[in-house]
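Just the heavy atoms: all of them, side chains too, but no hydrogens, waters or symmetry mates, feed the values below. Just follow the structure's listing: the first ligand is 1, and inside any ligand the first atom is 1.
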Amino acid sequence: PTKIILDCDPGHDDAVALLLAWGNPDIELVGVTTVVGNQTIDKVTRNALSVARVAGIVGVPFARGAERPLVRPIETAGAIHGESGLDGPVLPEPTIALDARPAAQFIVDTVMASEPGEITLVPTGGLTNIALAARLEPRIIPRVKEVVLMGGGVHVGNWSATSEFNIVIDPEAAAIVFGAGWPVTMIGLDVTHQALATDEVVAAIAAVGTAPARFVGELMEFFAHAYRDTQGFDHPPVHDPVAVAYLIDRSLVRTVAAPIEIERRGEFTLGMTVVDLRAAAPDDCVTRVGLDLDADRFWALVVDALTRIGDP
Ligand code: BDR
Ligand code: CA
């Protein structure tokens, strides 16, 4: 299996990413780290631990990460994810204790204790923790197998006309991560706006018939209303699990190698992922961008993971 650290800000779609990573046999979850984003660090960390309880996740360390972006003030997404960051279902009291280390230290320790090329980083929130880890111990950069992140967009934004939430909330961190030299695959909005929780998808999840599946159903109900009311979507895009799904089956997402720069100074374009698709990328290009998703097979993986998780 592919060993991953999921760095997340749950978050409705982050919760689904966590369930997919836990329930799929081709992924080994070696740790979960949290980062400020959809809500404050206290809230998203509690949410991660609540989801762990719902899914019966045991034996996986959870570490709390950055409480604010590197440079900019905190910007949360209460309009999309609610006051708790995970509005909709009742969130059970966490039963597992946090790892004592800050997320960046946990990432450094885990990568340095593993073989080179063993650990894949999967950020589904702002990139603050990953940038801090790379600065804390640069020797992790050649040791990490790859970074597969949800964020950005080639032709579309959501937090502004040009920019996606995970990148725009900490563009300095994003610039560090995209420019570090490790392989980075960007699963952006071009891909994840195809991961819609349609009525058929919601019905297939409900048919699993377990408590974790009901929990996801309640998450999707809130998420659908939020996306309908604030973003004009008929069905909500469930972004974050696509990054995990890509690691399970690369044929789910069409990707191309391309140079990617993060806009940090634009008057109207702060946080834009500037992807150069004009020509074939140079041979030494280590960044890739996702462009298309096989949505049916993606959702089949989510339903399969929920089926395997069962009723813990
Ligand atoms: C991203 O922003 C967050 O609100 C979601 O969890 C996802 O990671 C989508 O732009
Ligand atoms: Ca997220």
Side-chain angles (χ1 to χ4, degrees), residues 4-21 32-41 43-45 47-48 51 65-66 69 74-88 103 121-130 147-171 173-174 177 185-197 216 219-220 222-227 229-233 235-246 262 270-273 289-290 293 298 302:
I4 73 165
I5 297 174
L6 182 68
D7 182 63
C8 58
D9 61 337
H12 294 67
D13 51 335
D14 301 84
V16 180
L18 179 52
L19 292 166
L20 176 59
V32 177
T33 50
T34 59
V35 63
V36 63
N38 287 324
Q39 267 299 352
T40 61
I41 191 65
K43 290 180 181 179
V44 300
T45 303
N47 293 346
V51 175
I74 294 173
E75 196 171 334
T76 56
I80 305 284
H81 298 273
E83 193 49 46
S84 71
L86 204 54
D87 274 14
L121 302 180
V122 186
T124 62
L127 290 160
T128 320
N129 290 339
I130 310 295
V147 179
V148 175
L149 63 90
M150 191 282 135
V154 185
H155 303 105
V156 56
N158 62 6
W159 215 242
S160 73
T162 59
S163 305
E164 184 277 333
F165 181 73
N166 289 342
I167 304 297
V168 83
I169 59 171
D170 198 342
V177 172
T185 299
M186 169 181 136
I187 305 293
L189 299 175
D190 307 84
V191 182
T192 65
H193 280 178
Q194 299 175 31
L196 301 171
V216 173
L219 287 176
M220 291 302 107
F222 181 90
F223 211 37
H225 282 120
Y227 260 95
D229 298 347
T230 69
Q231 311 276 311
F233 277 71
H235 302 289
V238 187
H239 311 272
D240 294 337
V242 181
V244 177
Y246 173 69
I262 308 299
L270 179 71
M272 183 176 184
T273 45
V289 61
L293 174 68
F298 161 71
V302 173

Side-chain donor or acceptor of [X] paired with backbone N/O of [Y] under 3.5 Å:
X	Y	result
Gln231	Pro236	no
Lys43	Glu83	yes
Asp240	Asp14	yes

Run the side chain to side chain donor-acceptor pair (under 3.5 Å) test against Thr45 and tell me which residues pass, sequence neighbours left out.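 Counting only residues at least two positions away or on another chain, Thr45 forms a side chain to side chain donor-acceptor pair (under 3.5 Å) with Thr34.
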Asn166 side, atom CG; Cys8 side, atom SG - distance, nearest 0.5 Å: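 One finds 11.0 Å between CG of Asn166 and SG of Cys8.
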Protein N, O or S atoms under 3.0 Å from the Ca ion (ligand 2):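 Protein heteroatoms (N, O, S) closer than 3.0 Å to the Ca ion (ligand 2) number 5.
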So if I apply the side chain to side chain contact (heavy atoms under 4.5 Å, CB included) rule between Leu18 and each of Val32, Asp13, Asn47, which one comes out positive?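 When side chain to side chain contact (heavy atoms under 4.5 Å, CB included) is applied between Leu18 and each of Val32, Asp13, Asn47, only Val32 qualifies.
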Can you spot which of Val122, Leu127, Ile187 makes a side chain to side chain contact (heavy atoms under 4.5 Å, CB included) with Leu149?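 Of all the options given, the one that passes is Leu127.
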Would you check ligand 1 and list the protein residues that come within less than 4.0 Å of it by any heavy atom, ordered by chain and number?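 Close residues (ligand 1, cut-off 4.0 Å): Asp13, Asp14, Asn38, His81, Thr124, Met150, Asn158, Glu164, Phe165, Asn166, His239, Asp240.
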Kindly indicate whether the side chain of His12, heavy atoms from C-beta on, has any atom under 4.5 Å from the side chain of Ile80.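 No. Closest side-chain heavy atoms not under 4.5 Å.
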Which residues pass the side chain to side chain contact (heavy atoms under 4.5 Å, CB included) test with His193, not counting sequence neighbours?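 Listed in chain order: Val156, Leu189, Phe233, Pro237, His239.
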